[in-house]
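Quick notes on the structure that follows.
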2 protein chains.
Amino acid sequence: MNSEFTIAVHSLVYLAYLPERMAPSEVIAENVSTNPARVRKVMSHLRKGGYVDTREGAGGGYRLTLDPAVVSLADIYRLMAQGSVIPSWCSGDPDSDCVVGSNMRSVMNGIFCTAEKQLESYFGGITVADVLGRIKVCK
Amino acid sequence: MNSEFTIAVHSLVYLAYLPERMAPSEVIAENVSTNPARVRKVMSHLRKGGYVDTREGAGGGYRLTLDPAVVSLADIYRLMAQGSVIPSWCSGDPDSDCVVGSNMRSVMNGIFCTAEKQLESYFGGITVADVLGRIKVCK
DNA sequence: TCAACTGTAACTGATATTATTACAGTATAA
DNA sequence: TTATACTGTAATAATATCAGTTACAGTTGA
């Protein structure tokens, strides 16, 4: 799994946790345990996806725009890490003379695509608010 | 996803396809489209797992020992690629003062572990024989 | 005893990942 | 209007992971 997905979820949950629902990249980065540039890159995607607002300049930062209860991890997964289940390396060769060698690639691809859809469906059942809820229970 | 998982599945399906259910690493490697050393490494794991027999020496190679209809992709996944869903990088810091920063790691870990189990369960429903069946339909 | 295998490790090159640094652009506030 | 505090983005470097290659000792069958 892509770690940008983790950073995106963490950032959104953190913003949802703050009363003002707003923070600059440096503050988010410290909470996430990474550097501000990386957070800004992730937040840039989230902004394009409409999940956060950006305010440049002094006193600026990122602000959550949507209700945490309606944003699911599937939304974020699709934005940040789609295709994580499918391996980058494929076996076989479509031009092989052997039925197995020539068709394995597409068959495995079908299997992985279904797995990917199942993962998305699982993430679809968990919202940012749910994650924050689980965290609060940890106290 | 780990590509050794793909190689393992491909190799087992290929062996199941052969009438004698046996082949040396070089032949398997050609069908898989990789090099023999890599195949041998994967097959070594499968042998330890009891899925194939090894015969060293001239005329040797790997032989399928189990019925392809009882070996599921979940068995192979557990052997070759367990934990693929969990990201290597974790956000947050257990020693953080913030509830979010300190607990995010374990909460996300729980989410990923459940996702992993779901993936295993999906793979559990597909056997080596099923994969071979799908390939034959491609003809 | 030769030839054909496996088992395993070392090494290389390619690719991916994370951190770091830098700087132009933008908004706020004094 | 000027200093300050931000974002956006790219370049670079450090590190880790991945796939291919080579090598060779050990094993077995002919």
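Throughout, a chain's letter reflects where its sequence line sits, starting with A, and its residues are numbered from 1.
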Original post:
Can you list the steps and then say if A/Phe123 with A/Phe5 is a ring-ring contact (aromatic ring centres under 6.0 Å, His included)?
Top reply: CA-CA 12 Å; A/Phe123 281 151; A/Phe5 170 71; 5.2 Å; yes

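Of the residues in residues 76-92 of chain B, none lies under 4.0 Å from DNA chain D by heavy-atom distance.
Put simply, CG on A/Asn2 is 7 Å from P on C/dT17, counting in whole angstrom units. The CD atom of B/Glu26 sits 13 Å away from the P atom of D/dT22 (whole-angstrom rounding). Distance, A/Met1 CE to C/dT18 P: 13 Å, rounded to whole Å. The distance from atom CZ of A/Arg38 to atom P of C/dA22 is 20 Å, rounded to the nearest whole Å. Atom CZ of B/Phe5 is separated from atom P of D/dT17 by 21 Å (rounded to the nearest Å). Atom CG of B/Asp53 and atom C1' of C/dC5 are 15 Å apart (whole Å). Between the P atom of C/dA19 and the CD atom of A/Glu4 lies a distance of 11 Å, rounded to the nearest Å. The CD-P distance, from B/Glu30 to C/dC5, rounds to 13 Å in whole Å.
Each of A/Pro36 and A/Ala58 was matched to the nucleotide of DNA chain C holding its nearest heavy atom; the match closer to the 5' end belongs to A/Pro36.
For C/dC5, the OP1/OP2 oxygens have no side-chain nitrogen or oxygen of B/Ser25 closer than 4.0 Å. OP1 or OP2 of D/dG20 has at least one side-chain nitrogen or oxygen of B/Thr34 nearer than 4.0 Å.
Checking C/dT28, D/dT7, C/dA19 against the side-chain heavy atoms of A/Arg55 singles out C/dT28 as nearest.
Contact of the A/Arg63 side chain with the A/Glu20 side chain is not registered, since no non-hydrogen atoms from C-beta on lie closer than 4.5 Å. Contact of the A/Tyr51 side chain with the A/Ile76 side chain is not registered, since no non-hydrogen atoms from C-beta on lie closer than 4.5 Å.
No path of Ile, Leu, Val, Met, Phe, Trp and Tyr side chains, each step under 4.5 Å between heavy atoms, connects B/Val9 with B/Met22, placing them in separate hydrophobic clusters. In the hydrophobic cluster analysis, where Ile, Leu, Val, Met, Phe, Trp and Tyr join through side-chain heavy atoms closer than 4.5 angstrom, B/Leu119 is grouped together with B/Ile126.
Just one residue in the list B/Arg21, B/Arg55, B/Arg40 forms a side-chain contact (heavy atoms from CB on, under 4.5 Å) with B/Tyr62, and that residue is B/Arg40. The side-chain contact (heavy atoms from CB on, under 4.5 Å) test with A/Leu132 is passed by exactly one of A/Thr127, A/Val13, A/Val137: A/Val13.
Distance alone, capped at 3.5 Å, is enough to place a donor-acceptor pair between the B/Asp75 side chain and the B/Ser72 backbone. With B/Ser11 contributing its side chain and B/Ile7 its backbone, the two residues share a donor-acceptor pair below 3.5 Å.
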Output one line per pair: protein atom, nucleotide atom from nucleotides 7-10 of chain C, and distance, for all N/O pairs under 3.5 Å.
unit_1 : atom_1 : unit_2  : atom_2 : d
C/dG7  : OP1    : B/Arg47 : NE     : 2.8
C/dG7  : OP1    : B/Thr54 : OG1    : 3.2
C/dG7  : OP2    : B/Tyr62 : OH     : 2.8
C/dG7  : N7     : B/Arg40 : NE     : 3.0
C/dG7  : O6     : B/Arg40 : NH2    : 3.1
C/dT8  : OP2    : B/Ser44 : OG     : 3.0

